[in-house]
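Comments concern the structure below.
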2 protein chains.
Amino acid sequence: MATSPLPPPPDTAAPDVGTQAVFENTAPAFSPLYQQIKTLILRSLQAGEWKPGDMIPSEFDLAARFRVSQGTVRKAIDELATDNLLVRRQGKGTFVATHAEAHTQYRFLRLLPDLGTLEDQGRAERQIIECRRLRAPAEVARQLALRTGDAVLQVKRVLAFGGTPAIVEELWLPGGPFKGLTLETLSDDQGPMYALFETQFGVRMVRAVEKIKAVSADEDAAALLEVSAGSPLLSVERLAFTYNDEPMELRRGLYRTDARHYRNELS
Amino acid sequence: MATSPLPPPPDTAAPDVGTQAVFENTAPAFSPLYQQIKTLILRSLQAGEWKPGDMIPSEFDLAARFRVSQGTVRKAIDELATDNLLVRRQGKGTFVATHAEAHTQYRFLRLLPDLGTLEDQGRAERQIIECRRLRAPAEVARQLALRTGDAVLQVKRVLAFGGTPAIVEELWLPGGPFKGLTLETLSDDQGPMYALFETQFGVRMVRAVEKIKAVSADEDAAALLEVSAGSPLLSVERLAFTYNDEPMELRRGLYRTDARHYRNELS
DNA sequence: CAGTGGTCTAGACCACACT
DNA sequence: GTGTGGTCTAGACCACTGC
């Protein structure tokens, strides 16, 4: 239990765990060991020590590294797995979750066809309308935790299924982390946009919040979605976050729901 | 570890656990012990052995009853707690979840004001429009797993906040479990409808699925919601389930979203 | 104080994947 | 077979609640 074959040398640098909470120095707030371990793993994820798709060290190795029992590491990993930050695969190992895998693709897309195979009626056909670099309007800046006027990227695109347009959306991305993103980058890419963000910009979207309203189609949206102006559309405003609850994308979408619906599970 | 002070006598009746899976007699499907315990607890919940709000036996007692270790019971309860079927309270015990508590009220209602205190701007003002007993239309029957023509209850009501109507909805309930439900029962009651269902009919809603669309207000809805005909409204169709994934309520709602929005978290 | 859930450990063994 | 995650146990101790 005492050896520590990984980065932190045997008796220093590694968080030293006595019998109970370690960082209980100042605040009287009690923090369980497994929570601290969870934080340390999270930190390694943020720092990019393990990238999306990578296998992280085994529970035993991590236990040695952090000087705790395997069961404690297990509980930390369990929680990270239920948060969809890690994926466990029995017999293989534990991996950093990614949007690039078939089974987790379009994890955030809740628009489904009313009828037929929920699975897939054709891949989504994507078309980028424009990609501009500009200064953040006040409201966009506020939501992305930037200052008004900071550089941002604005992307507009249309998604269609089986030739019928279904979604028109506008994305706002902070200019810093997404430096170098162009219309060509986006257009050339196949696969989910969040997968591109991971591989090209090292940004992994972890969770998101959506605000949904019913609105009437304006002229522009009506034309792009091939409906008549004034038709009811679903307005979906999404704020997506990366590891440290940092907002990293603001997305405003209009969904056609005449033959599809937004599905949500409550529990 | 061997005593069994609860209902099942010492050496019989209680599921007998050797070293591994118990019910592994016919199917080669492997089922972990804690999963079997989870099923047994679930069965007791369905049978009404413990009712919403009740405290269930301690982990130790359950461990003795099922002849497994306390840690195994713990894992079973953990999962039931994350499914919101049970609620753990340190120092006190583990309780059957209920819709009747302040902190879990309106757990399934996702409509929030765009501005101001998310907490509450006044209680919801509810008004029952009608409550009829009739024969299930085909589509309603299908969704509630009944036969077309079976007895069902149809309830219509309006919800308002601060004097402004926000939701008009129509509920369909199976006639059997809800025998005796009348307009008076519903109107007299304060508090969430799902709480009433628990206390009066022993029906606890556990989870639900919603299908959301944008639609135009027809004359009736427009009048009730005090908007002009043709205004965009959010159509929310909810199918709610009780313990055994039995569908128990079909609800079709129209939401005004001019000053409110449907909030959803993705992860 | 006793009773409850919460944390942590150590070790044994099972199931699964790869080589 | 070896290495990984998954299950189960037994026991010790901590934290919170209420008598």
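Below, chain A is the first sequence line, B the second, and so on; all start at residue 1.
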Between [atom2] of [N] and [atom1] of [X], the distance in whole Å:
X	N	atom1	atom2	value
A:Leu33	D:dA15	CG	P	12 Å
A:Glu79	C:dG6	CD	P	12 Å
A:Met55	C:dA17	CE	P	14 Å
A:Glu59	D:dG6	CD	C1'	8 Å
B:Phe66	D:dC8	CZ	C1'	17 Å
A:Lys38	C:dC8	NZ	C1'	17 Å
A:Phe60	D:dG6	CZ	P	14 Å
B:Gln35	C:dA15	CD	P	15 Å

Between [X] and [N], is there a contact of a side-chain N or O with OP1 or OP2 at under 4.0 Å?
X	N	result
A:Arg74	D:dG6	yes
B:Lys92	D:dC16	no
A:Thr72	C:dT9	yes
A:Thr94	D:dG5	yes
A:Lys75	C:dC8	no

Give me the one residue out of B:Asp245, B:Asp83, B:Thr242 that meets side-chain hydrogen bond (donor to acceptor under 3.5 Å, both in side chains) with B:Arg207. B:Asp245

Under 4.0 Å, counting only non-hydrogen atoms across every strand here, what does A:Gln90 touch: a base, just sugar-phosphate, or nothing? base

Remember a base hit wins even if backbone is also touched, and classify A:Tyr34 as base, sugar-phosphate or nothing at under 4.0 Å, heavy atoms. sugar-phosphate

Can you tell me which nucleotide in D:dC8, D:dG5, C:dC8 comes closest to the side chain of B:Pro32? D:dC8

Would you say the ring centroid of B:Tyr106 lies under 6.0 angstrom from that of B:Tyr194? no

Is the centre of the A:His99 ring less than 6.0 Å from the centre of the A:Phe108 ring? yes

Donor-acceptor side-chain pairing of A:Glu198 and A:Thr98 below 3.5 angstrom: yes

On DNA chain D, does the nearest nucleotide to A:Gln70 precede the nearest nucleotide to A:Gly93 from the 5' side, or the other way round? Give the residue. A:Gly93

Note: for B:Gly91 and A:Asp78 on DNA chain D, the residue whose nearest nucleotide lies more 5' is A:Asp78

Comparing A:Gly71 and B:Ser58 on DNA chain C - which has the more 5′ nearest nucleotide: B:Ser58

Decide whether a cation-pi geometry holds between B:Arg260 and B:Phe161; the criteria are a distance under 6.0 Å from NZ or CZ to the six-membered ring centre and an angle within 45° of the ring axis. yes

Under 3.5 Å on both distances, the Watson-Crick or G-U partner of C:dT19: none

